[in-house]
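Below is one structure, written out as structure tokens; comments come after it.
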Amino acid sequence: MLPLHGIGGRQDLPIPFGLAVTGAGIAIALSFVILAVAWRSPKYRGAASGTPLPAGLRTALDSSWFRWAVRLFGLALFGYAAMALLAGVDRLTNPIFGFVYILVWVGLVPVSLLLGPVWRTLNPLRTLHLLACRVLRHDPRRGLLELSPRVGLWPAAFGIFAFAWLELVAPDRATLLVVQAWLALYVVYVMFGAVLFGDRWFTAADPFEAYATLMAKLSPWGRRSDGVIVLRRPLENLDSLTPSPGLVGLVAALLGSTAYDGFSRSSRWIGWAQNSGYSQTLLGTLALVGFVVFVLVTYSAATVLAGRMSDSSRTRLPGLFAHSVVPIVLGYVVAHYFTLLVLEGQRTINQLSDPLSRGWNVFGTGLNGVNAGITNHTTAVACVQVGAVVIGHLLGVISAHDRAVALFPRGRALAGQIPLLVVMVAYTMGGLLLLFSA
């Protein structure tokens, strides 16, 4: 089940590798030239933009009853899945593996794109913390200690790395004991932190919430600076992302771990790792760290160099441009996990009808098969995968260009973007190489 992140490899994808890489590089470089001529002033207004929703709809979405309906739905959903986690059998037919690795980790991306930052309300740990505070008549925003602003998103970045390690490196990761152990540590880590620092800890430390919130910035749903729910262009919504400590580490962990996913499935890496004589867990951990650090260093170096070339402040630029990496992360996620979500997502939904493997058919899906018709359309799948990588990078270039013309002096704005453009082109070619070699 777990290796099915894509179908086909470099040998049988119907798009020639050289054509895909050359075309992608030309498209991104050409887009930069076009933007330089046609986009000379910032067009995005971030949190100040957006068209307000009708007053009645805004009132309903912000109402207490609606929020509690969503919270209780999330609590019931995860409570149902917990039966499979705590009392299910240790076989791949147990739906908890697909629920964690596919429906939650991969599924939160389309959910966030379609519905916006709904995960904050769905998050069952937030709901449990809120209910406990209500019973104890305690303000959920207050903890025993004050959380330093310098912490930022660093705990969530480490949480993203920890989950990527579980999914891609950990031995026996498709066994019940390993998943139980990781989720137990996750619950203790998040809930104990919430007791210490209040509910702000969820934003700072919960990897699932941080990931979902980041992806929701590419949805059309947002809030204006005055708190009104609005509709806005996705890239303008992305422009409202507030830089904070750890944001660069978070996007580096997401992009680096997804890139490692493709690399770890290449025949050269598998053959070398198996014949090296070293522990494959150790090699996988080092390689995963290497990919994350590579993204962190190359991106940070490019933005610092951009500041030097544009005579701008260099210390703040990595955080100010981090939003431009989010579309690239989304492109990599679609390319690597699209077919996994379509195929194994169906299997997981079917298995959820029988969480304890006792022959139940709770939702009437237990006897359904998996519709694998997508495997008959390799050209369409290849176009989706390659197109996701290229479009993600094009959107990243647009976001970076708009931010550059807003921050840099007019005469230096184009020169300042060159280092980041070079890095984005390199990421594009590397992403396609990993996609075709998987």
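Just so you know, these numbers come straight off a predicted model, no measurement behind them.
- Taking each heavy atom of P327 and L395 in turn, the nearest pair found is CB-CB, 3.7 Å.
- A donor-acceptor pair under 3.5 Å is absent between the side-chain atoms of S219 and the main chain of L115, judged by distance alone.
- Here CG of N123 is found 11.5 Å from NE2 of H129. Values are rounded to the nearest 0.5 Å.
- A donor-acceptor pair under 3.5 Å links the side-chain atoms of D402 to the main chain of K43, judged by distance alone.
- The side chain to side chain donor-acceptor pair (under 3.5 Å) test with R120 is passed by exactly one of D199, T203, T213: T203.
- For the side chain to side chain contact (heavy atoms under 4.5 Å, CB included) with W165, the qualifying choice from V289, L288, I160 is L288, the only one to do so.
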T365 vs L352, test: side-chain contact (heavy atoms from CB on, under 4.5 Å). Steps then yes/no. CA-CA 8 Å; T365 62; L352 279 171; 6.0 Å; no
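- Of all non-hydrogen atoms in W105 and Y101, the two that sit nearest each other are CB-O, 3.6 Å.
- For the pair L407 and L317, the minimum side-chain heavy-atom distance is below 4.5 Å.
- Between the side chains of Y189 and D206, no donor-acceptor pair of N or O atoms lies under 3.5 Å.
- Using a 4.0 Å cut-off between a side-chain N of Lys or Arg and a carboxylate O of Asp or Glu, E209 and R126 qualify as a salt bridge.
- The distance from the CD1 atom of I374 to the CD atom of Q346 is 9.0 Å, given to the nearest 0.5 Å.
- Side chain of S300 to main chain of V297: no donor-acceptor pair is present (N/O by atom type, distance under 3.5 Å, no hydrogens or angles).
- In this structure, F294 places its CZ atom where only 12 or fewer heavy-atom neighbours from other residues, nucleotides or ligands lie under 6.0 Å away.
- The distance between the ring centers of F192 and W201 does not fall below 6.0 angstrom.
- In this structure the side chain of L420 reaches within 4.5 angstrom of the side chain of S324, judged on heavy atoms.
- Side-chain polar atoms of T258 and Y337 form no donor-acceptor pair below 3.5 angstrom.
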For L255 and V325: C-alpha separation, side-chain torsions, deciding distance, then whether side-chain contact (heavy atoms from CB on, under 4.5 Å) applies. CA-CA 8 Å; L255 186 58; V325 185; 3.9 Å; yes
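- At distances below 3.5 Å, not a single donor-acceptor pair connects side-chain atoms of Y211 with backbone N or O atoms of V109.
- Side-chain atoms of S279 come within 3.5 Å of backbone N or O of L282 as a donor-acceptor pair.
- Pairing each heavy atom of F321 with each of Y299, the nearest pair is C-OH, 2.8 Å.
- Going from atom CG of L176 over to atom CZ of R91 covers 11.5 Å, rounded to the nearest 0.5 Å.
- Without hydrogens or angle criteria, R173 side chain to E167 main chain gives a donor-acceptor distance under 3.5 Å.
- We find the CG-CD distance between L340 and E344 to be 6.0 Å, quoted to the nearest 0.5 Å.
- In this model, no donor atom of one side chain and acceptor atom of the other lie less than 3.5 Å apart for R224 and S240.
- Under the 4.5 Å side-chain criterion, counting only non-hydrogen atoms from C-beta, L166 is in contact with F163.
- Between H393 and Y332, the distance separating the two ring centers is shorter than 6.0 angstrom.
- A heavy-atom distance below 4.5 Å is found between the side chains of L330 and L113.
- Formation of a donor-acceptor pair under 3.5 Å by the R403 side chain with backbone atoms of L320 is found in this model.
- Ring-plane geometry between Y260 and W269 is classed as perpendicular, the angle between the planes exceeding 60 degrees on a 0 to 90 degree scale with a lower cut at 30.
- Side-chain contact, S63 with W65: a donor N or O sits under 3.5 Å from an acceptor N or O.
- Ring centroid separation for the pair F197 and F202 does not come in under the 6.0 Å cut-off.
- Between W221 and L114, the closest heavy-atom pair is NE1-O, 2.9 Å.
- Taking all atoms of both residues into account, the shortest heavy-atom contact from P95 to D354 is CD-O, 4.3 Å.
- Between W119 and F208, the ring-plane angle classifies as tilted under the 30° and 60° cut-offs.
- For S353 (side chain) and F363 (main-chain N/O), a donor-acceptor pair under 3.5 Å exists by modelled atom type.
- The two residues G246 and A157 have their closest heavy-atom pair at O-CB, 4.4 Å.
- Looking only at side-chain heavy atoms (C-beta outward), R232 and P220 stay at 4.5 Å or farther from each other.
- Contact check for L125 versus Y186: side-chain heavy atoms found under the 4.5 Å cut-off.
- Contact check on E146 versus R200 returns a salt bridge, with a Lys/Arg side-chain nitrogen under 4.0 Å from an Asp/Glu carboxylate oxygen.
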Kindly determine whether V362 and Y80 satisfy side-chain contact (heavy atoms from CB on, under 4.5 Å), including the steps that lead there. CA-CA 11 Å; V362 177; Y80 181 84; 3.6 Å; yes
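- One finds the CZ atom of F66 at 11.0 Å from the CZ atom of R71 (value rounded to the nearest 0.5 Å).
- The 12-atom threshold is not exceeded at CZ of F73, counting heavy atoms of other residues, nucleotides or ligands nearer than 6.0 Å.
- By the 4.5 Å heavy-atom criterion applied to side chains, H401 and I398 are not counted as neighbours.
- Using a 30° and 60° split on the angle between ring planes, F99 and F78 fall in the perpendicular class, above 60°.
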Step by step, work out the side-chain contact (heavy atoms from CB on, under 4.5 Å) result for D62 and R223. CA-CA 11 Å; D62 279 333; R223 284 189 184 272; 2.5 Å; yes
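- For R233 and D239, the salt-bridge test fails: no basic side-chain N is under 4.0 Å from an acidic carboxylate O.
- At least one donor-acceptor pair under 3.5 Å links the side chain of E236 to the backbone N or O of R45.
- Looking only at side-chain heavy atoms (C-beta outward), V326 and L238 come within less than 4.5 Å of each other.
- Classification of D261 and R265 as a salt-bridged pair holds, one side-chain N sitting under 4.0 Å from a carboxylate O.
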